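Per chain, numbering begins at 1; letters A, B, ... match sequence-line order. Bear in mind that the values here come from a model prediction, so they are computed numbers and not experimental data.
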There are 2 protein chains.
Amino acid sequence: MQTRTRQQTDPASDDRPGTRERIVRAASTLMQRQGYDGTGIKQIAQEAGATLGSVYHFFPGGKQELAVAAVHRGDEEFTDILGETLAGEGTLAEVLGALTRSLADGLRESGWTDGCPVTATSLGTAARFPDIQRAAAEAFTRWQGLVSERLIASGTAEETARELAVTVISTLEGAELAAQVCQDERPLLLAGRHLAELIALHER
Amino acid sequence: MQTRTRQQTDPASDDRPGTRERIVRAASTLMQRQGYDGTGIKQIAQEAGATLGSVYHFFPGGKQELAVAAVHRGDEEFTDILGETLAGEGTLAEVLGALTRSLADGLRESGWTDGCPVTATSLGTAARFPDIQRAAAEAFTRWQGLVSERLIASGTAEETARELAVTVISTLEGAELAAQVCQDERPLLLAGRHLAELIALHER
DNA sequence: GTCTATAACTCGATAGAC
DNA sequence: GTCTATCGAGTTATAGAC
């Protein structure tokens, strides 16, 4: 899901992150917007304020290795957000409402361009690049696991929780997609409400 | 969502569809698998058994016009499937189970490559090509409308039905995405079950 | 580690014969 | 309507100076 806070990429500013870090960020952001094939390595280098030589120095595997790093980065970012959100106060319904609200805000503020970096980077590449597919699958599985743990902790039966968690991630992902495609935040907000209802149905 | 039945593309067979039709089918199928930027016009021409000259004869607007036609085709195909499924016998729960089952079968049989043609073609292109974004948004809206009508017909209140329909499409779309990414049909099957529960909750 | 130059290739699109 | 040839610009990736 979309998680990135728009950041400074001023190539002239001091004490900025290291070159490798800037390259990964640029790759993740650009592939989130334009997908794997729509993003060029030269564009990544330029956005990162690095040269082509530096990109291949840190990522000798080329574009494919860069995409795997970008997916891992997207995974980590949303894992952090999801973890913090789920650990926050409030009922699960409130937590889901805050999460979808936040995703909707970020998506709208980006002009509906910045959706889920994992999805955008991996979709259409799975058949050609198994490494990218694997990284994306790991992300989805990790997110499902986080939701599942929270459901179990709040009293849902284990098997039920694992199943519900899969649908929670599917629905969040699909709602962000629908919001992006329709350029309308309602799918995300409705997903938050309906998921809360679905979960309440299974709580004891 | 993924709807296509694998079809003959034998370039030598007789009484096959016209050139324009073959080009649209090839464009839709290839962009469904590889996305807009991952699919070349030459590849489309070859898969369609046509020449580059023919492609530009029927689609003078080039790749962009071809992508819009491909999205419209994907829209029509799933609109037909959804319409027939919803009009079929059985409770809405049964109907959703059959639909997700069918989507899962198609996805698995394609080796997890053929997801939703509308999503795959439009994701990552919205900012650059408003025509493609618009065609994709129309598809999502149409599908939501179909589900909404069926919900209203089976006794759900109008506003409730419209809202539920949005989440039904979001969840189906997200579950197909999750199934594709994880190469596992369970997200789709669970989505069918959970959506049935959610809808039952709102029936009177 | 960073930079430039370039090799090797593919892309979308066009022109014009048939 | 169909075909081939090709243009110009773009791509990924590499080589080698600094």
When you get a sec, tell me which of C:dG12, D:dT12, D:dT2 is the closest nucleotide to the side chain of B:Lys42?
-> C:dG12
Calculate the interatomic distance between A:Arg22 atom CZ and C:dT2 atom C1'; express it in whole Å.
-> 11 Å
Is A:Ser54 near enough to C:dG1 that one of its side-chain N or O atoms lies under 4.0 angstrom from OP1 or OP2?
-> no
Do B:Glu158 and B:Arg162 pass the salt bridge (Lys or Arg N to Asp or Glu O under 4.0 Å) test, and can you show the C-alpha distance, the side-chain angles, and the key distance before you say yes or no?
-> CA-CA 6 Å; B:Glu158 260 196 59; B:Arg162 266 195 294 271; 3.4 Å; yes
With the side chain of A:His57 defined as its heavy atoms from C-beta on, choose the nearest nucleotide among D:dT12, C:dG12, C:dT2.
-> C:dT2
Starting at CG of A:Asp37 and ending at C1' of C:dC11, how long is that distance when rounded to a whole Å?
-> 12 Å
How long is the line joining CD of B:Gln46 and P of C:dT10, in whole Å?
-> 13 Å
What's the CG-P distance between B:Leu52 and C:dA13, to the nearest Å?
-> 10 Å
State, without any angle test, whether A:Thr29 and A:Glu47 hold a side-chain donor-acceptor pair at a distance under 3.5 Å.
-> no
Dump the intermediate steps for salt bridge (Lys or Arg N to Asp or Glu O under 4.0 Å) on B:Glu21 and B:Arg73, then the final yes or no.
-> CA-CA 10 Å; B:Glu21 171 66 17; B:Arg73 170 57 54 99; 2.8 Å; yes
For A:Arg128, look at atom CZ and say whether over 12 heavy atoms of other residues, nucleotides or ligands are found less than 6.0 Å away.
-> yes
Please give, in whole Å, the distance from C:dG12 C1' to B:Phe129 CZ?
-> 11 Å
Residue met sooner reading DNA chain C from 5', once A:Ala50 and B:Lys63 are mapped to nucleotides = A:Ala50
Phosphate OP1/OP2 of D:dT2: any B:Thr19 side-chain N/O under 4.0 Å | yes
Selection from C:dG12, D:dT4, D:dA13 that lies nearest to any side-chain heavy atom of B:Thr51 | D:dT4
Rounded to whole angstrom units, what separation is found between the CD1 atom of B:Ile44 and the P atom of C:dC11?
-> 11 Å
In whole angstrom, what separates A:Phe58's CZ from C:dC3's C1'?
-> 14 Å
Do the ring planes of A:Trp143 and A:Phe78 sit parallel (below 30°), tilted (30 to 60°) or perpendicular (above 60°)?
-> perpendicular
Using a heavy-atom cut-off of under 4.0 Å over every strand shown, decide if B:Gly53 touches base, sugar-phosphate, or nothing.
-> base
Within this structure, what is the CZ-to-C1' distance between A:Arg128 and D:dT12, rounded to whole angstrom?
-> 13 Å
